[in-house]
Chemist: 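Just passing along the structure, written as structure tokens.
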Amino acid sequence: MTAAADFEISEPFRPQRLEPLSALRAFGRLIRDKEDTAQVFEIMRALSGRSIARGYNRLLATMEGGRQAFLREELAHKLDDPAWLARFGPGSVGAAYRAFREARGFTAEGLAVESRKVAPMADAPHPVLWYSRRLRDLHDVWHVLTGYQTDALGEACVVAFSYAQTGNLGFGFIGWGAAREIRRENSAVPARRAVLQAWRHGRAARSLPALDYEAVFAEPLERARARLNIRPPTIYDSVPVEVRNALRLRA
């Protein structure tokens, strides 16, 4: 293989320059239609910078993370396998995740489809892209582990938590931007404080990308939260469910 061919293959995986204007435009589209998940991936693409490569290197620096990188299993395949999910008993992380997705009709493949709209090479057989897919597929699992629901405030909080875990500026941008919009819509909702607490909880928790999630899914949910030092989302929980569900984030 020639040096030129090596360069052409490696080019798509180089760290991206930050594109704040692209992120701002995508955020505006997301605010107008919060179901337009592709805009989330556009923001992540525009602001990921070196965070994906750095995160992969951090993964390799731990024994379990290195093992997961060596195995390179695709989490989405397991998360969308009903037989695999059925293995986890009542009270476990796996059972909580199963109930979470069944109640909402979510699938890991659904997120993957949205990501491909922005990143056509998302499924390429490259270790750094495998790590990026892993973070994508863990989004709903982290909802379950952290206790944040899928209302607008819950999404803002879980991405703030993810920012602390991954260092990806896109997560921080979405979390803080959503908190600002929630405050504009309903100033009584402590959105900024909830998002800041979520970020702090992400910093305090153990590193989640490197975990063996088959083992995590078998654990009782509260025991897993305690072991991973995932603290209760007290500010988020202080907002009544009906108030959280009424948030629309419309421009």
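Just so we're clear, the structure is a prediction, and the values are computed from it rather than from any experiment. Values below: every heavy atom of this structure, side chains too, minus hydrogens, waters and symmetry copies.
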Chemist: Under the salt bridge (Lys or Arg N to Asp or Glu O under 4.0 Å) test, which residues partner Asp81, sequence neighbours left out?
Modeler: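 Asp81: no salt bridge (Lys or Arg N to Asp or Glu O under 4.0 Å) contacts found.
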Chemist: Which Ile, Leu, Val, Met, Phe, Trp or Tyr residues join Val241 in one cluster when any pair of side-chain heavy atoms under 4.5 Å counts as a link?
Modeler: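 Once heavy-atom contacts under 4.5 Å are chained together, Val241 still belongs with nothing else.
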Chemist: Under the 4.5 Å side-chain heavy-atom rule for ILVMFWY, direct or indirect, which residues accompany Leu71?
Modeler: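 Phe70, which link up through side-chain heavy atoms under 4.5 Å apart, make up the rest of the cluster.
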Chemist: Using side-chain heavy atoms (C-beta onward) and a distance below 4.5 Å, is Leu208 in contact with Leu138?
Modeler: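 Leu208 vs Leu138: side chains apart.
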Chemist: Evaluate Phe161 against Phe171 for side-chain contact (heavy atoms from CB on, under 4.5 Å), listing each step before the verdict.
Modeler: CA-CA 8 Å; Phe161 181 98; Phe171 283 129; over 6 Å; no
Chemist: Is there any ring-ring contact (aromatic ring centres under 6.0 Å, His included) pair reaching into residues 173-195, and which pairs are they, with sequence neighbours excluded?
Modeler: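 Qualifying pairs: Phe27-Phe173.
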Chemist: Looking at residues at least two apart in the chain, or sitting in another chain, which of them share a ring-ring contact (aromatic ring centres under 6.0 Å, His included) with His77?
Modeler: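 If we apply the ring-ring contact (aromatic ring centres under 6.0 Å, His included) test to His77, skipping adjacent residues, there are no hits.
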Chemist: Is there side-chain contact between Met121 and His126, with heavy atoms separated by less than 4.5 Å?
Modeler: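 Answer no - side chains too far apart.
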Chemist: Look up atom CZ in Arg134 and atom CZ in Arg72, then write down how far apart they are to the nearest 0.5 Å.
Modeler: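 Going from the CZ atom of Arg134 to the CZ atom of Arg72 covers 12.0 Å.
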Chemist: Distance from Leu247 atom CG to Glu181 atom CD, nearest 0.5 Å?
Modeler: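 Those atoms lie 11.5 Å apart.
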Chemist: Mind checking side chain to side chain contact (heavy atoms under 4.5 Å, CB included) for Ala160 and listing every partner two or more places apart, or none if nothing turns up?
Modeler: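 In terms of side chain to side chain contact (heavy atoms under 4.5 Å, CB included), with neighbours along the sequence ignored, Ala160 is linked to Val195, Ala198, Trp199.
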Chemist: Search all heavy atoms of Ser22 against all heavy atoms of Glu42 and return the closest pair with its distance.
Modeler: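 In terms of heavy atoms, the two residues are closest at CB-OE2, 3.9 Å.
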Chemist: Is there a donor-acceptor contact under 3.5 Å from the side chain of Arg244 to the main chain of Val239?
Modeler: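 Pair found, side chain donor or acceptor close to backbone of Val239.
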Chemist: Can you sort out the partners of Pro240 under side chain to side chain contact (heavy atoms under 4.5 Å, CB included), two or more places apart, ordered by chain and number?
Modeler: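 Here the qualifying residues are Glu242, Val243.
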Chemist: Is any side-chain heavy atom of Val40 closer than 4.5 Å to one of Val159?
Modeler: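 A side-chain contact under 4.5 Å is absent here.
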Chemist: If you look at every heavy atom in Ala210 and Leu59, which pair is closest and at what distance?
Modeler: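 What the structure gives for the nearest pair is CA-CD1, 3.3 Å.
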Chemist: Tell me, please, which residues at least two apart from Arg67 pass side chain to side chain donor-acceptor pair (under 3.5 Å).
Modeler: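 With sequence neighbours excluded, Arg67 shows a side chain to side chain donor-acceptor pair (under 3.5 Å) to Glu64, Asp212, given in chain and number order.
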Chemist: To the nearest 0.5 Å, what is the distance between CZ on Arg192 and CD1 on Ile182?
Modeler: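 Separation between the atoms: 11.0 Å.
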Chemist: Measure the spacing between NZ of Lys117 and CD of Glu114 and express it to the nearest 0.5 Å.
Modeler: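 Between Lys117 NZ and Glu114 CD, I get 3.5 Å after rounding to 0.5 Å.
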Chemist: Do the non-hydrogen side-chain atoms of Glu155 and His139 ever get within less than 4.5 Å of each other?
Modeler: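 They are in side-chain contact.
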Chemist: Output yes when a side-chain donor or acceptor of Asn229 lies under 3.5 Å from a complementary backbone atom of Arg206, and no otherwise.
Modeler: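 A pair under 3.5 Å: no.
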Chemist: Is there any ring-ring contact (aromatic ring centres under 6.0 Å, His included) pair reaching into residues 201-238, and which pairs are they, with sequence neighbours excluded?
Modeler: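 Checked against ring-ring contact (aromatic ring centres under 6.0 Å, His included) - neighbours excluded - the pairs reaching residues 201-238 are Trp84-Phe217, Phe88-Phe217, Tyr97-Phe217, Tyr148-Tyr236.
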Chemist: Quick check: closest heavy atoms across Leu79 and Leu85, and the distance to 0.1 Å?
Modeler: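 Nearest pair, atom of Leu79 first, then Leu85: O-CD1, 3.3 Å.
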Chemist: How far apart are the closest heavy atoms of Ala194 and Leu153, and which atoms are they?
Modeler: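 So the two residues come closest at CB-CD1, 4.1 Å.
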Chemist: Is there a donor-acceptor pair under 3.5 Å between the side chain of Arg133 and the backbone N or O of Ala122?
Modeler: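 Here the side-chain-to-backbone pair exists.
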Chemist: Quick one: closest heavy-atom pair of Asp137 and Ala108, and the distance?
Modeler: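 So the minimum-distance heavy-atom pair works out to OD1-O, 4.4 Å.
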Chemist: Return yes if some donor-acceptor pair links the side-chain N/O of Arg225 with the main-chain N/O of Thr146 below 3.5 Å, else return no.
Modeler: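 Absent.
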Chemist: Okay, side chain of Arg58, backbone of Pro209: is any donor-acceptor separation there less than 3.5 Å?
Modeler: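 Absent.
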Chemist: How would you list, by chain and number, every residue that makes a side chain to side chain contact (heavy atoms under 4.5 Å, CB included) with Ser132, sequence neighbours excluded?
Modeler: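 For Ser132, the residues satisfying side chain to side chain contact (heavy atoms under 4.5 Å, CB included) (neighbours in sequence not counted) are Ile52.
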Chemist: Which residues pass the side chain to side chain donor-acceptor pair (under 3.5 Å) test with Arg104, not counting sequence neighbours?
Modeler: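 For Arg104 the side chain to side chain donor-acceptor pair (under 3.5 Å) partners, ignoring immediate neighbours, are Gln149, Thr150.
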Chemist: Using the salt bridge (Lys or Arg N to Asp or Glu O under 4.0 Å) rule, take Arg248 and Glu185 through it: C-alpha gap first, then chi angles, then the decisive distance, then the call.
Modeler: CA-CA 8 Å; Arg248 296 301 177 201; Glu185 182 178 337; over 6 Å; no
Chemist: Might you point out which heavy atoms bring Ile235 and Gln197 nearest each other, and give the distance in Å?
Modeler: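 For Ile235 and Gln197, the tightest heavy-atom pair comes out as N-OE1, 3.2 Å.
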Chemist: Before giving the answer on side-chain contact (heavy atoms from CB on, under 4.5 Å), spell out for Thr62 and Gln68 the whole-Å C-alpha distance, their side-chain angles and the decisive distance to 0.1 Å.
Modeler: CA-CA 10 Å; Thr62 68; Gln68 293 302 316; over 6 Å; no
Chemist: Do Glu214 and Arg87 have side chains that approach each other closer than 4.5 Å (heavy atoms only, starting at C-beta)?
Modeler: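 Yes; the side chains approach each other to less than 4.5 Å.
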Chemist: Kindly give the cluster partners of Phe41, where membership spreads through any ILVMFWY side chain lying under 4.5 Å from a current member.
Modeler: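 Listed partners: Leu111, Val118.
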Chemist: Given side chains that start at C-beta, do those of Arg101 and Asp80 come closer than 4.5 Å, heavy atoms only?
Modeler: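 Yes - at least one pair of side-chain heavy atoms lies under 4.5 Å apart.
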Chemist: Would you give the length of the straight line joining atom CG of Leu24 to atom CD1 of Ile43, rounded to the nearest 0.5 angstrom?
Modeler: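 Spacing of CG (Leu24) from CD1 (Ile43) equals 8.5 Å.
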Chemist: Hey, could you give me the CZ/CG distance between Arg50 and Leu169, rounded to the nearest 0.5 Å?
Modeler: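 Reported to 0.5 Å precision, the distance equals 14.5 Å.
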